[in-house]
Amino acid sequence: MGTQLVENGSFESIERKPLRGADVFVKALLSAGVDTIFGYPGGAIMPVYDALCKCQNRLKHILVRHEQGAAHAAEGYARVSGKPGVCLVTSGPGATNLVTGLADAMMDSVPLVCVSGQVTSSMLGSDAFQETDVIAVTTPVTKWSYQITDASEIEQVMLDAFSIAVSGRPGPVMIDITKDAQLEACKWNGKLKPRFVPKLVRRLPAEQDLQDAAALINAAERPLILAGHGVLISKASGVLQEFIEKSGIPVACTLHGLSAVPTDHPLYAGMLGMHGNYAPNVLTNQADLLIAVGMRFDDRVTGKLEAYAPNARVIHIEVDPAEIGKNVPVTSALVGDARAVLEKLLPLIKPKQYPEWLKRFKTLREQEVKEVIEAATNPGSGEITMSEAVNVISEASRGEAVVVADVGQHQMITARYYRFKHPHSFITSGGLGTMGFALPAAFGATVAGANRPVIAIIGDGGFQMTLQELGTIAQEGTALKMVVLNNSYLGMVRQWQELFFEKRYSEVEIKSPDLVKLADAFGIAGRKICRRENLKEAVNEMLESEGPYLLEIQVKKEDNVFPMIPAGSAVDQVRLK
């Protein structure tokens with residue numbers, strides 16, 4: 001029995017001629033549960049776009065304005081929906097424009113299935129028009145890259161692609177399909193299974209390893225939990241909260257771990273890392289046990305490795321065995337899905353309290369509030385600060401929003417001062433640090449149907465890198481709220497030049513267009529404010545608006561983010577000023 005895609009948008013089993021490869025490709029997407037594609041058409045992928053015409057009622061294609069925007073939008077979609085984001089582009093520049101998004105997703109463990117058209121098989125290697133060796137280009141920044149040259153491969157390869165993207169540690173997959181493979185006749189099987197079946201998610205540590213880890217936890221006097229992105233990926237926020245409440249152990253989050261624990265939880269110690277909170281950074285080096293859950297000991301968290309956690313034994317719970325021991329030696333390695341491992345550990349740990357240890361966190365927190373937080377969020381006079389603006393946004397949205405931050409000073413300030421209530425509330429580019437990420441990623445988050453407000457917080461530099469996606473936002477009419485914190489500088493680079501290069505400001509001052517007029521040109525409402533007395537009212541107006549809205553806030557030009565761990569320093573050498 002063959003299968004044919006018919007004009008009314010459904011696939012019907014018939015005994016007539018086989019399908020085209022493009023039709024089988026679209027059926028493979030539907031079979032994988034795909035409902036949304038971010039893409040941009042072109043000559044080498046045109047047969048697939050022709051096939052898409054026949055099922056528009058089941059598969060929505062969103063036309064971005066640049067292929068990089070497609071990749072980042074797919075990342076935002078994946079982070080909110082929990083499903084792989086899907087991109088579709090043409091050959092040559094269409095495919096190469098995805099590379100930044102692929103690298104970003106690879107670093108941050110975001111599942112993507114990206115598909116590019118390619119020149120016909122007979123033209124491969126001939127430097128044909130818009131030909132690029134996509135596999136060679138993308139292999140270093142994907143979990144799997146594969147080129148399809150025969151239509152008979154399409155169904156199996158697409159099954160494999162979706163399986164690989166979500167298995168173990170999630171990540172991006174790149175599939176390149178030659179144009180002749182899209183046009184060739186082939187059959188739909190419908191009974192194939194992925195050849196690469198996820199195994200690591202189902203893997204659990206040996207019972208003795210769990211017992212040994214529990215013994216370390218029960219014997220510790222100064223333990224600290226480090227929660228990373230893996231907590232959110234594995235949907236382990238609930239069991240993590242049970243774990244910390246039973247064990248009495250304080251928990252700190254990495255940048256990508258933010259929102260895994262509500263920021264108002266009494267055992268939440270703050271954010272780790274270069275611009276994280278004072279207490280967890282300082283006390284990492286006083287802890288006698290670190291329990292790392294779903295995090296990879298990134299250099300932004302550890303600082304100087306030789307001086308990191310010198311007094312601590314380390315339990316590392318991680319789905320990717322390649323990360324265990326890569327940067328920090330471990331005492332106990334628990335390879336497996338974070339939620340599954342925590343569920344196994346929970347009955348083995350004893351209820352306990354650490355009043356003296358928690359008192360150290362409280363004392364250092366009070367010092368940070370006095371020396372940094374109060375002045376940053378309530379300056380009282382002068383120009384609006386970024387910290388003040390984010391604090392007002394947090395209060396006005398009651399911590400209920402999905403917040404998408406770009407990269408730079410505003411990113412660190414958003415991470416520090418937005419008070420998250422729910423899991424999966426913070427999306428940003430962490431490992432790659434991609435400026436321009438937030439606008440398309442926030443759009444993707446709205447498309448995923450977050451059922452909560454989505455707020456993009458972006459610097460003036462990053463906004464100008466992908467502002468063309470305002471066209472996509474306007475065309476789709478999504479109710480995305482965009483906040484541009486404009487300090488007329490590439491702020492993070494300027495801060496480093498101020499602190500470490502004697503204020504030699506080299507190529508960091510940047511001029512922006514009239515962003516409100518720009519938004520209006522796309523039919524998007526907007527407003528610019530410069531005065532503190534207008535801040536709360538303007539934020540409320542933005543949040544209450546029905547459609548997309550852009551709020552530009554002119555903020556203090558030379559404003560720094562503290563605390564800060566200088567490059568090459570130990571975590572307990574974190575500076576408050």
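Starting from 1, each residue takes its place in the sequence as its number. The analysis underlying the following values was restricted to heavy atoms, covering all of them including side chains, and did not include hydrogens, waters or symmetry mates.
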[Y] side chain reached by [X] side chain, heavy atoms, under 4.5 Å:
X	Y	result
Ile427	Val454	no
His410	Val561	no
Val89	Asn97	no
Ile455	Leu543	yes
Val404	Phe443	no
Phe297	Val314	yes
Gln495	Glu498	no
Arg575	Leu499	yes

What do the steps show when you test Tyr489 against Gln497 for side-chain hydrogen bond (donor to acceptor under 3.5 Å, both in side chains), and what is the final call? CA-CA 12 Å; Tyr489 273 118; Gln497 289 176 345; over 6 Å; no
Check: [X]/[Y] side-chain N/O donor and acceptor closer than 3.5 Å:
X	Y	result
Ser425	Arg452	yes
His265	Glu245	yes
His229	Asp108	no
Tyr549	Glu541	yes
Tyr354	Arg222	no
Gln409	Asp559	no

Pairing of Lys304 and Glu306 as salt bridge, 4.0 angstrom limit: no
Roughly how far, to the nearest 0.5 Å, is [atom2] of [Y] from [atom1] of [X]?
X	Y	atom1	atom2	answer
Gln464	Asp460	CD	CG	6.5 Å
Leu226	Met295	CG	CE	5.0 Å
Ile413	His275	CD1	NE2	9.0 Å
Asn311	Asp288	CG	CG	8.5 Å
Leu267	Phe243	CG	CZ	12.0 Å
Asn277	Arg416	CG	CZ	5.0 Å

Is the number of heavy atoms from other residues, nucleotides or ligands within 6.0 Å of [atom1] ([X]) greater than 12?
X	atom1	result
Tyr308	OH	yes
Phe501	CZ	no
Arg360	CZ	yes

Partner set under side chain to side chain donor-acceptor pair (under 3.5 Å) for Thr263, not counting sequence neighbours: none
Could you please spell out the steps behind the side-chain contact (heavy atoms from CB on, under 4.5 Å) verdict for Lys481 and Ser545? CA-CA 9 Å; Lys481 311 308 177 190; Ser545 63; 2.9 Å; yes
Donor-acceptor contacts, no H, no angles, side chain residues 373-386, under 3.5 Å, sequence neighbours left out:
from: Thr377; atom 1: OG1; to: Ile373; atom 2: O; distance (Å): 2.8
from: Thr385; atom 1: OG1; to: Ala376; atom 2: O; distance (Å): 2.7
from: Thr385; atom 1: OG1; to: Glu388; atom 2: N; distance (Å): 3.0

How far apart are the C-alpha atoms of Glu533 and Arg531, what are their side-chain angles, what is the distance that settles it, and do they pass the salt bridge (charged side-chain N to carboxylate O under 4.0 Å, His left out) test? CA-CA 6 Å; Glu533 53 264 35; Arg531 300 170 65 87; 2.6 Å; yes
Write down the atom of [X], the atom of [Y], and the distance for their closest heavy-atom approach.
X	Y	result
Leu490	Glu507	CD1-O, 4.0 Å
Ala438	Asp406	N-OD1, 2.7 Å
Ile317	Ala338	CG2-CA, 4.1 Å
Ala479	Glu546	CB-O, 3.3 Å
Lys557	Arg494	O-NE, 3.9 Å
Ile473	Pro548	CG2-CB, 3.8 Å

Applied to residues 62-87, the salt bridge (charged side-chain N to carboxylate O under 4.0 Å, His left out) test, sequence neighbours excluded, yields Asp35-Lys83
Give the C-alpha distance, both sets of side-chain angles, the deciding distance and a yes or no for side-chain contact (heavy atoms from CB on, under 4.5 Å) between Leu283 and Leu364. CA-CA 9 Å; Leu283 295 178; Leu364 294 178; 3.7 Å; yes
Partner of Ile553 under side chain to side chain contact (heavy atoms under 4.5 Å, CB included), picked from Leu535, Asn486, Val484, Val390, is Leu535
List the steps, then state whether side-chain contact (heavy atoms from CB on, under 4.5 Å) holds for Val328 with Leu305. CA-CA 7 Å; Val328 173; Leu305 272 173; 3.9 Å; yes
For Phe420 together with Phe426, are the ring centres under 6.0 Å from each other? yes
